Novice: 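The structure is given below, and queries will be raised subsequently.
Remember, it's a predicted structure, so these values are computed and weren't measured experimentally.
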Amino acid sequence: MSINLFLSDLTAQAASAYTLVARWLFPLLALVILVRCLVPLIQERSANTVWGYLVLANGTSIPVRNWENLIGRGKYADIVVNFPVVSRSHAVLTFRNGIWTIADLGSKGGITVNGVKVDKAQEIQFGDVISLAGIEMALVPQLQNEASKFTDVAGGSSDTEGEKNSALNSAVTLLLLFLFQVLALVQLFASRDGITLAALPVFGIYFLVELLHYLLMRRLQSGNIELELLAYFLCGLNLALVASAAPSDLKKQLAAILLGIAAYTVITWFCRDLGRARRLKYLALGGGVLLLILNLAFGEKIYGARNWINLGFITFQPLEFVKISFVLAGTATLDRLLTTRNMTAFIAFAGACMITLALIRDFGTAVVFFGAFLVIAFMYSGDLRTLFLVTAGAAFAGIAVVTFMPYIAMRFAAWGKVWQYADSTGFQQTRTMIAAASGGLFGVGGGNGYLKNIAAADTDLVFGMLCEEWGLLVALCVLLVIIFFVFYAVLLTKNSRSAFYAIAACGAATIFLLQTALNVLGSVDVLPLTGLTIPFISNGGSSMVASWGLLALIRSAA
Amino acid sequence: MKLLAIRTLVLIALALLFLAGFTVFVGRYLHSAAVWAQHPSNRHLYQSGRLKETGTIYDRRGEILLETKDGVLTFHSEQSVRTAVMHVTGDRGGNVATGMLKVMWERLTGWNLLNGAYRYRDKLSAANDLTLTLDARLSALAYKELKGRKGAVGVYNYKTGEIICMTSSPSFDPQNPPDIEADPERYEGVYLNRLLSAAYTPGSIFKVVTAAAALETIPDIEERHYQCSGKIQIGADTVTCLVPHGDVTLRDALAHSCNVAFAQIAGEVGADALQHYAELAGFNNRLTFDGIKTAAGKVDVKHAAPVELAWAGIGQHTNTANPLAYMVFMGAIANGGLSVAPEIIARENMLPAMTKAEKRILPTETAEKLKEMLRNNTLAVYGESRFSGLELCAKSGTAEVGKGKEPHAWFAGFLDREDFPYAFVVIIENGGTGSRTAAAVAAGVLHAAVAR
Ligand SMILES: [Zn+2]
């Protein structure tokens, strides 16, 4: 045996041995990382700041915990003033730019401040006598011992024991994350065909970016950093999948992650201040309309729907970015949301989006936008009946579309019986299920799959690739992260500073959820195949940048 | 913000919907992943639609029935042997539902729910090999004895449950599969293991079931005498014998297969008792062993008219029998009423006796009486000289299958020998008289089984 042959055999043996061990480590590490990220994010919510107190004439003092507080007799009021003369939803007490404002919600009894009737809204000072239909009260600042807590949260620079601990914890989680990603990279090199050496600098830069962004966030951001760590985890898997299925896309995908992180930073900066955030909303709305027009005018059909724009040096999917505009278009502050109930702008924008989607025949994205519309509209109006009517109407429209449009009808025909059409219309779904079954719980090892050779394996069918190469357990961890984003957005709503942030976070989470649901369930034939991406996981530059943008909206609510 | 917090319920509902959908997927995954992985397009396990590699299948003598040689599935080296056991191994196309390639697919390919298609160094290990209880050369001899007629032969050890001979005809050489569709007549149901997956009208072999029911339910049955004039009118129908048997007891009636006597006995036993003992004998029940599921024989006389009951009692009416299940019933009679479940995969561990699946279906006393009567059949009718030294206890059957067609020939029974506790069944489709054709096949196979 020649020395070369001997060496290559030795390498092959080492590679096999590596996969044998590493494939057990991935789900384990993923689970540990997941738990270490989720726990602090969930616990964080217990810390609750009191901005001031509302003192009633009978001496009762009610803490004011939000920047936007609903005052009334109803059980969903943030400040319950339980007198029959007070309306269920009587007034909104808002704190903005250091100024407290009270707004009347069209109550029966009305509001006076220092004896002067409030028409719509009125700025108030500490100690002013506020009267809700004759029930008198006054706003007082938080007590001295609370003040320190206040600065803690606002300043974020104090070196308390708890902060040190959480910094240490997140650093350990980041190290585990690096371990996972380095092991994954080695696995890719140890795979059947191996991967190109060009992957090395891409992963190297990604590790560096993770570290730098982490350090930057530690310095700039108060509170926990684990939400970002979860996104790093997903992006790491994204690079691993792209390295396996489409190595030539690696550089593009890395660039998309960089752009995504940049977009994330910009949007979180914009959203830190509510005034800026509201300006961002109008900017995004304008941009969104522009993108829709561009798509209709210059859209090209690359796979399936006509949703690509080619600028010569770069191609992108404008609708991915419209998702951010769409969510922002639905936001409103609590006082506006309860006084005007005016959703015209949002409905108009949503309508424009739906028409565009119908014209370019992107059925899957239309379902996602519609779902987000429902969630946002319900948070806005709380009107379940209208919601049902809208849903029923849309269902009819959907059925009509499915029935009359042959292109979509064909996709639906195989639904539920893909094994009968395993080599025609059920091809993609059956191959996904075969891949999932071949991966078992621990996967065959990154790069060792066969689904990657099929078109759209790293986008529409990415769930199958994830199961095949990294195992059902890791795939499950990914879905848990997405579901956690939803859970987190819901959790944030209760203590969110403004309804604006709450709606933005929930809207963004809805888009994450629906895209994932339609992608995963569609590719395994629980739902019809619609061809969407899993946020952060699927190969695709626009999708990656947009995912970071949407995550920024969730982060801003914290 | 409480107001908005409540309104996030819509979002929670959507998340729950997703979880519900995903649970559906996980349920399907747990249930069907093995089937999905078996799709020929799965390149982890298949190459151009053919299995890349499987473990080796050995017979009880260590002969290789199936192995992967140079990346190709290779069957037994002799054509006659691999053809005879094709239904046991299965074919390359995965067409035999009860073949080892199908039922032991997970073990042979190394696929499992935990590891999927992953294999260390892409190699199978000894854990993926299978040793069968089968004697492949004995099966080859049985296949040869069938002489191309459609049918099946089975022999199993009624004390241990080991199937030592199993063959089904027609078959084909799995190494060089012929064009099946070119000759539909010759290859009718060729992928069916007729011993396991078929059910035929039993004819007279069913009289053993009727006799068992009579012994159990009619106290003085052994003293009774029946008169056979060659025919008997029951309702609007006439049950006939080929020749008048005159004055017969149960024992004589079984030996000479007297339809007239058994028609009357069935009537005396009654529908409920006959149904009950037929089910104890394994009718209306599918056997499950080593991943194989057999076809069920059928007896349904619950609401039968007297004439239908009479026909059922002599194995006609709507009765059908699965050959393997009937062989197990024969084994139970030989084994003193204890039925031992069959098995085809040899046990490797040290606890065979502990886990042996035994079921009492008849009292020892009744089984002994039946055994004596079946022995008498050989001595009085079939001729001991054809089966010398075998201590053969048996019953033949000639099942009418409709006008213009030769009847199915059955021969089933067991050897009453401590050293060779074998029960057997032979079925030849349209094979004519059971005591002649099927008995001849049985004689050849059983002599060989004892000689080996
Ligand atoms: Zn007779």
Novice: How many angstroms lie between atom CG of L492(A) and atom CG of L4(B), to the nearest 0.5 angstrom?
Specialist: 12.5 Å
Novice: If you compare all heavy atoms of S41(B) against all heavy atoms of I434(A), which two are closest, and at what distance to 0.1 Å?
Specialist: OG-CD1, 3.3 Å
Novice: Less than 4.5 Å to any heavy atom of chain B: does that hold for the side chain of A15(A), its backbone, both, or neither?
Specialist: neither
Novice: Given a strict heavy-atom distance threshold of 4.5 Å, which part of A435(A) is in contact with chain B: side chain, backbone, both, or neither?
Specialist: neither
Novice: Looking only at heavy atoms, which two atoms of A436(A) and Y29(B) are closest? And how far apart?
Specialist: O-OH, 3.1 Å
Novice: Check L518(A), I482(A), I483(A), V486(A) against F18(B) for a side-chain contact (heavy atoms from CB on, under 4.5 Å) and give me the one that passes.
Specialist: I483(A)
Novice: Please classify the contact of L20(A) with chain B as side chain, backbone, both or neither, using a heavy-atom distance under 4.5 Å.
Specialist: both
Novice: From R23(A) CZ over to Y120(B) OH, what is the distance, rounded to the nearest 0.5 angstrom?
Specialist: 12.5 Å
Novice: Could you give the distance from OG1 (T8(B)) to CD1 (I503(A)), rounded to the nearest 0.5 Å?
Specialist: 11.5 Å
Novice: Within the supplied structure, the quantity of interest is the number of heavy atoms (other residues, nucleotides, ligands) at a distance under 6.0 Å from F172(B) CZ; does it exceed 12?
Specialist: yes
Novice: Give, as side chain, backbone, both or neither, the part of L479(A) having an atom under 4.5 angstrom from any heavy atom of chain B.
Specialist: side chain
Novice: For Q13(A), which atoms come within 4.5 Å of any heavy atom of chain B: side chain, backbone, both, or neither?
Specialist: both
Novice: Give a yes or no on this: more than 12 heavy atoms of other residues, nucleotides or ligands lie within 6.0 Å of atom NZ of K494(A).
Specialist: no
Novice: Got T510(A) and L14(B) here, is their nearest side-chain heavy-atom distance under 4.5 Å?
Specialist: yes
Novice: Determine the option with the most heavy-atom pairs under 4.5 angstrom with chain B, choosing from V520(A), L451(A), V524(A), V375(A).
Specialist: V524(A)
Novice: Indicate the atoms forming the closest heavy-atom contact of A33(B) with A437(A), along with that distance.
Specialist: O-CB, 3.3 Å
Novice: Considering residues, nucleotides and ligands other than R50(B), do more than 12 of their heavy atoms fall under 6.0 Å from its CZ?
Specialist: no
Novice: Counting only non-hydrogen atoms closer than 4.5 Å, does F463(A) touch chain B with its backbone (N, CA, C, O), its side chain (CB onward), both, or neither?
Specialist: side chain
Novice: If you tally heavy-atom pairs under 4.5 Å against chain B, which of L70(A), L514(A), T19(A), T430(A) wins?
Specialist: T19(A)
Novice: Might you work through the side-chain contact (heavy atoms from CB on, under 4.5 Å) test for F378(A) and L11(B), ending with a clear yes or no?
Specialist: CA-CA 10 Å; F378(A) 184 68; L11(B) 185 46; over 6 Å; no
Novice: Could you look at R28(B) and say if it's the side chain, the backbone, both or neither that has a heavy atom under 4.5 Å from chain A?
Specialist: side chain
Novice: Report which part of L19(B) has an atom under 4.5 Å of a heavy atom belonging to chain A: side chain, backbone, both, or neither.
Specialist: side chain
Novice: Write down the atom of R7(B), the atom of G382(A), and the distance for their closest heavy-atom approach.
Specialist: NE-CA, 3.2 Å
Novice: So, taking the atom named NZ in K2(B) and the one named CZ in R65(A), what distance separates them when rounded to the nearest 0.5 Å?
Specialist: 9.5 Å
Novice: Give, as side chain, backbone, both or neither, the part of N448(A) having an atom under 4.5 angstrom from any heavy atom of chain B.
Specialist: backbone
Novice: Any side-chain heavy atom of H39(B) sitting closer than 4.5 Å to one from M433(A)?
Specialist: no
Novice: Identify which part of W419(A) has an atom lying under 4.5 Å from any heavy atom of chain B, answering side chain, backbone, both or neither.
Specialist: side chain
Novice: Rounded to the nearest 0.5 Å, how far does CG of L114(B) lie from CG of L473(A)?
Specialist: 8.5 Å
Novice: From L472(A) CG over to F25(B) CZ, what is the distance, rounded to the nearest 0.5 angstrom?
Specialist: 6.0 Å
